[in-house]
Every structure is written in structure tokens, then in C-alpha cells.
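Just below is one structure, and these are the notes that go with it.
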Amino acid sequence: MALKPFVDRLGYDNVPPEINRLRCRVNYHALKFLPEIENMAEVLASRMRNRTGTSHPYMALHLRFEKGMVGLSFCDFVGSRAEKATMAAYRQKEWPRRYKNGSHLWQMALEKRKEGRCPLEPGEVAVLLRAMGYPKETQIYVASGQVYGGQNRMAPLRNMFPNLVTKEELATTEELKPFRKHITSLAALDFLVCLKSDVFVMTHGGNFAKLIIGARRYMGHRLKSIKPNKGLMTRSLGDTFLGWTAFREDIVVSHETRTGLPELTFPVYDIWENPLSHCMCKV
């Protein structure tokens, strides 16, 4: 069987509603992961729930802060002059047409951050979660590639939430060895562990997070899926007169409607992230 390249914008296709409904049935019912992937994911999820010896809920965090994502975003991030110069050279090499002579990048980076179009740094994620009321003891499964900046960049998040775990820490080398033959198999494990979590947090866009949020909505939206208001984060963190109490109130209020409840779709809306209307029955 041959599969066409993945298309996440089926709502744009101007096809009959019954065809879209068929696509939804295929996506949420017909397509399955290999049994060995589903079994290993169930093992990882079970280990997350029982890390402390008793059953506990866990959060899954999709942390999109790899070097490629940081570079492609063309956003500005905290770092030394040397680090910024290295990133500028990387961007110029990988995306020369967008980089041009670099003179326009600072203004563009400011605009993107104000509009909430930049990936959240690990430290920003930590502040967000603490403002939303999650305690230091929260068990967090991290689905991510190699974080740009390594352990130094992860330090603020790990200091505020020390119970961070990856699949490499939950499973032995031998257990993960069969899945290392294909990078997509490792991503599939992350996908399923995130899907099974009690709370899912995305930090930037992309098909991975959209599909998880959409699937959780389709399955009954009983599990919380947090889509951060990055524009608010930028404005609030940049306000030197805003105290912690006011900041926390702003975060809590603004995210009351960003926890994964289904929303009515409209033209040019991504139906994989929000399957209501096309995929979910209306009574």
C-alpha cells in the first residue's frame, strides 16, 4: 500500500463532507501503530504513573527547542554573544534567502515574539506551569529532540520541576534498541505516551502536537491539553511592573479556554487539531 505525503490541511480541500468524514474515520480508527510500538508505549506510560511506587497522574511536555527549530524560527533567545553569532552563521548557511544580509532580522524577531510565534524556552515553560498552579512534585514526561543549549538551557525547568523524565530514562538501552532503527518509531513512542498522559502541554506548533490535541478532543476531551498563550507570555514577562500575583492571574484566566475543549471549525481551520464538525457527531 502506498501512502501519499501527509496532509494536515484537509479542511482546505473543498471536498464533500462525507469524504472528510471518511478521512476522519481512517485517521482515528483504521490507522494503527505496530503492536510492538503500542506495547512499549503502554509500558512507558505505566512506568510514568508508578515512578513513586504508587499510581499518580503525569504530564507530557512536547518541548520544541531543538537547534533546527530555534534556527528556523528566526526568533531571538537569551544567550551569550558567541552563541548568538554561532546561531546567526547557522541561519545564514541553512536559510540564505530568509537571512539575506541579516539587517532586518532583529525587527522581525521582535514582531514574531510579540505575536506569540516563537518557541517557548524551557525556562518560560517552567514559569508558565508554576503560574498555572502545578507543584514542584509534578511528574513530567518530556518528548523532545536534543534541546538547543543542552543542560544549561534545561536547568531552569529542571530546577523548578525536578521530576522530568524522557523515554531514555524510563526504558533500558536494550528495550529501546529495536526502535532506534527508524527515527519515526521513537517519535511514535513519544506520541503515544503523550496521548495517554493526564495533561499534555505543547510549546510550539507542528503536526505532532496538533495530532495529539486533536486525538484527545476526538476521544472525549476528558484529558487536559494546554496550548500556551505565547503572546500573553511575551507581554507579561516583559512588563517590569507586573507582580507575580497579577501575572499568575493573567495566565490562569487566559488559559481557561485553551485546555483542549472542542471548538467549532470554520474555513481554513486545521481539522486535525480540532476535529469537531468534520469528525465528531453533533447531537
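Residue numbers run from 1 in the order of the sequence given. Scope of the values below: all heavy atoms of this structure, side chains included, with no hydrogens, waters or symmetry mates.
T172 and E174 are not linked by any side-chain donor-acceptor pair at a separation below 3.5 angstrom, with hydrogens and angles left out of the test. With 3.5 Å as the limit, one finds a donor-acceptor pair spanning the side chains of T166 and E169.
Ion pairing of R47 with E175 is present here, as a side-chain N (NZ or NE/NH1/NH2) and a carboxylate O approach within less than 4.0 Å. A salt bridge links R113 to E124: one of the charged nitrogens lies within less than 4.0 Å of a carboxylate oxygen. Ionic pairing of K112 and D76 is not present here: no N-O contact between side-chain nitrogen and carboxylate oxygen is shorter than 4.0 angstrom. Between E111 and R117 there is no salt bridge, since none of the side-chain N atoms of the basic residue sits less than 4.0 Å from a carboxylate O of the acidic one.
Between Y58 and Y141, the ring-plane angle classifies as perpendicular under the 30° and 60° cut-offs. Note: Y148 and F65 have tilted aromatic rings, judged against thresholds of 30 and 60 degrees for the angle between ring planes.
Scanning both residues, F179 and S185, for their nearest heavy atoms gives O-CB, 3.5 Å.
Figure legend: cation-pi geometry between R91 and F74, with NZ or CZ positioned under 6.0 Å from the six-membered ring centre and within 45° of its axis.
Residue V253 belongs to no hydrophobic cluster, having no ILVMFWY side-chain heavy atom closer than 4.5 Å to its own.
Between the side chain of K84 and the backbone N or O of F77, at least one donor-acceptor pair lies under 3.5 Å.
Not a single salt bridge (charged side-chain N to carboxylate O under 4.0 Å, His left out) links E249 to another residue, sequence neighbours left out.
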